[in-house]
Enquirer: 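Once you've had a glance at the structure underneath, I'll fire off some questions.
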Amino acid sequence: MASDKELLVRGGWVVSGDPAIGTVRDTDVLVRGGTISEVGRGITAPGAEVIDASGMLVIPGLVDAHKHTWQSAVRHRCTGMDLMTYFGEMFGRLGPRYRPHDVHVGNLLGALAALDSGTTTLMDWSHVQNSPEHADAAIQGLREAGVRAVFGHGWPLVDLPEWIMASTRDHTADLRRVREELLFDDDALVTLALAGRGPELSTMEVTRNDLAMARDLGIRTSIHMGCGEEFGAMAAIAQMNDAGLLGPDLTFVHCSENSDDELRMMADHGVSAAVAPQHEQGLPGIGHTPIDRLRGLGVTTGLSTDTEAYGAADLFTQMRVALAATRSLVNTGRSRFEEPLSAFSAADVFHLATQGAADALGLGDRVGSLTPGKAADLVLVRATDLNLWPVTDPVAALVNAAHPGNVDTVVVAGTVRKRGGVLLGVDQDRLRALAEASNQHILSS
């Protein structure tokens with residue numbers, strides 16, 4: 001719910017993400033009714049709560065386009081694994097052990113960690129819908145954290161082969177219940193999407209039926225595509241193109257091993273992409289992050305943190321890996337899209353973590369930049385911290401050097417969720433105890 005309180009963020013170095021406003025020093029941001037009302041110098045707002053942003057970089061809240069939040073309580077369990085071993089561990093062995101309580105704890109922990117690191121919006125890719133109570137618990141965790149989220153309703157991890165091996169089972173009807181009873185308001189802080197299987201995991205008939213249900217419910221669909229050579233060889237995007245199923249309500253995740261022709265099909269039909277560079281570069285079996293190809297072919301793209309069972313919770317890490325990995329491809333002549341090394345800039349990477357990710361989720365008119373009329377989701381980063389000061393180029397500093405410890409203040413829909421480097425209203429001792437108990441239950445042999 002948006003706050004009715006007026007906030008005046010005064011005197012910051014504003015990195016707006018809006019080309020019409022740009023990056024400007026000593027600038028104010030006025031928030032009214034949970035919305036950005038004005039960005040400029042010398043704003044007066046008698047009675048507004050003033051947040052002193054001197055010495056701060058004021059940025060749009062970061063947007064995470066794909067996060068398996070339910071896995072947060074088993075952080076780094078899979079760091080030493082390859083892709084197929086990760087699948088067997090998380091989905092085959094551990095997934096069926098998850099109680100609704102474990103999903104709630106994972107989502108609460110992961111969403112609060114996101115807020116702590118400056119991420120105000122995330123797409124919760126929740127493929128652990130072992131029962132309706134699991135879905136309810138996931139949504140409860142997101143709401144309790146106070147993050148802006150798209151809840152992606154996935155499939156069960158019980159009877160797993162029946163759901164992911166050329167499955168003939170349509171997506172569970174519980175998606176319709178969630179839409180009708182829980183997430184019916186598309187203007188709410190937590191909204192709904194289908195976390196779908198697509199032709200890599202189900203038949204084309206099932207894919208068609210699942211998309212028909214999502215479209216009937218008026219929600220978007222996100223599907224993993226080309227995550228590894230085996231899945232890339234299935235050419236699932238081309239299959240969906242031939243079936244007339246591609247459209248701008250779709251987001252495909254990873255796309256590492258999809259062909260250039262398939263990425264062109266995405267661009268032609270307005271399909272967006274969510275990539276996770278740390279995982280694509282570091283988890284053996286996924287393939288190189290395809291940012292250069294997605295950019296070269298004009299696919300709207302956003303960054304994501306994927307899973308904390310492998311990598312970091314924050315988008316600062318993803319930005320750094322995205323810049324290094326993509327420039328490495330270009331610099332060594334391995335990219336099929338030739339361009340000067342400097343053409344992929346820090347500003348381009350920052351866009352992928354803000355407006356690009358918002359556009360990829362269909363939320364670009366609501367979040368992603370500090371534009372008057374958009375939701376007041378914003379973050380203050382301490383530019384005076386010793387790892388950043390003196391700041392020569394604020395965007396380069398954010399992409400190349402900033403980390404969650406530099407995040408001073410986080411605002412979601414006009415409500416302050418973090419101030420002075422501390423999450424507000426969070427009993428961290430209790431949260432740690434819940435996470436530890438859940439971790440022990442899930443990992444018990």
Enquirer: Would you say the ring centroid of H224 lies under 6.0 angstrom from that of H279?
Expert: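 Aromatic pair excluded; centres sit 6.0 Å or further apart.
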Enquirer: Heavy atoms only: give me the nearest A149-L142 pair and the separation to one decimal.
Expert: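 Heavy atoms of A149 and L142 come nearest at CB-CD1, 3.9 Å.
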Enquirer: Quick check for you: to the nearest 0.5 Å, what is the distance between H351 atom NE2 and T300 atom OG1?
Expert: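 Reported value, rounded in 0.5 Å steps: 7.5 Å.
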Enquirer: Given side-chain hydrogen bond (donor to acceptor under 3.5 Å, both in side chains), test Q71 with T307 step by step and report yes or no.
Expert: CA-CA 7 Å; Q71 299 178 7; T307 171; 2.4 Å; yes
Enquirer: Look up atom OG in S167 and atom CG in D210, then write down how far apart they are to the nearest 0.5 Å.
Expert: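 Result: 8.5 Å between the selected atoms.
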Enquirer: For the residue pair P277 and Q318, establish whether any side-chain heavy-atom pair is separated by less than 4.5 Å.
Expert: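 In contact.
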Enquirer: side-chain hydrogen bond (donor to acceptor under 3.5 Å, both in side chains), that's the test. Do H66 and S304 meet it? Break it down for me.
Expert: CA-CA 5 Å; H66 145 252; S304 74; 2.9 Å; yes
Enquirer: Does atom CD (E205) have a neighbourhood of more than 12 heavy atoms from anything else shown, all under 6.0 Å?
Expert: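 Atom CD in E205 is not packed in, count stays at 12 or less.
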Enquirer: Hey, does H104 have a side-chain heavy atom less than 4.5 Å from the side chain of E144?
Expert: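 A side-chain contact under 4.5 Å exists here.
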Enquirer: Do Q355 and D359 have side-chain atoms, one donor and one acceptor, less than 3.5 Å apart?
Expert: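 Yes, D359 and Q355 have a side-chain donor paired with an acceptor closer than 3.5 Å.
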Enquirer: Show your reasoning for whether side-chain hydrogen bond (donor to acceptor under 3.5 Å, both in side chains) applies to E308 and S72.
Expert: CA-CA 5 Å; E308 292 184 60; S72 298; 3.2 Å; yes
Enquirer: Are the side chains of L370 and I21 in touch, meaning some heavy atoms are under 4.5 Å apart?
Expert: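 Of all side-chain heavy-atom pairs linking I21 with L370, none is under 4.5 Å.
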Enquirer: Within the structure provided, determine whether H153 and I219 are in side-chain contact (heavy-atom separation under 4.5 Å).
Expert: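 H153 vs I219: side chains apart.
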Enquirer: Are the charged groups of D186 and R179 less than 4.0 angstrom apart, N to O?
Expert: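 Yes, D186 and R179 are salt-bridged.
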Enquirer: Quick check, are the ring centers of H127 and W125 under 6.0 angstrom apart?
Expert: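 Ring centres of W125 and H127 closer than 6.0 Å.
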Enquirer: Roughly how far apart are I291 CD1 and C255 SG, rounded to 0.5 Å?
Expert: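 Separation between the atoms: 11.5 Å.
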Enquirer: Using the rule given for side-chain hydrogen bond (donor to acceptor under 3.5 Å, both in side chains), can you reason through S272 versus T251, listing the C-alpha separation, both sets of side-chain angles and the distance that settles it, and then say yes or no?
Expert: CA-CA 5 Å; S272 61; T251 302; 2.9 Å; yes
Enquirer: Can you find a pair of side-chain heavy atoms, one from P290 and one from E280, that are under 4.5 Å apart?
Expert: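 The answer is yes; the side chains approach within 4.5 Å.
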Enquirer: Is there side-chain contact between M90 and Y310, with at least one heavy-atom pair below 4.5 Å?
Expert: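 M90 vs Y310: side chains apart.
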Enquirer: Measure the spacing between CG of L62 and OG1 of T120 and express it to the nearest 0.5 Å.
Expert: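 Reported to 0.5 Å precision, the distance equals 7.0 Å.
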Enquirer: Using 0.5 Å steps for rounding, measure from the CG atom of L182 to the CG atom of L192.
Expert: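 Rounded to the nearest 0.5 Å, the CG-CG separation comes to 9.0 Å.
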Enquirer: So, do V407 and D314 sit near enough that their side-chain heavy atoms are less than 4.5 Å apart?
Expert: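 They are not in side-chain contact.
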Enquirer: If you measure from the Lys or Arg side-chain nitrogens to the Asp or Glu carboxylate oxygens, is any gap between D348 and R295 under 4.0 Å?
Expert: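 A salt bridge links D348 with R295.
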Enquirer: Measure the CH2-OG1 distance between W163 and T172 for me, rounded to the nearest 0.5 Å.
Expert: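 Output value for this atom pair is 5.5 Å.
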Enquirer: Looking at D216 and R176, is any side-chain nitrogen of the basic one under 4.0 Å from a carboxylate oxygen of the acidic one?
Expert: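 Salt bridge: yes.
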Enquirer: Heavy atoms, side chains only, cut-off 4.5 Å: are L175 and L217 in contact?
Expert: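 Yes, close enough: below the 4.5 Å cut-off.
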Enquirer: Assess whether a salt bridge exists between E133 and R99, defined as any Lys/Arg side-chain N lying under 4.0 Å from an Asp/Glu carboxylate O.
Expert: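 The answer is no: the pair does not qualify as a salt bridge.
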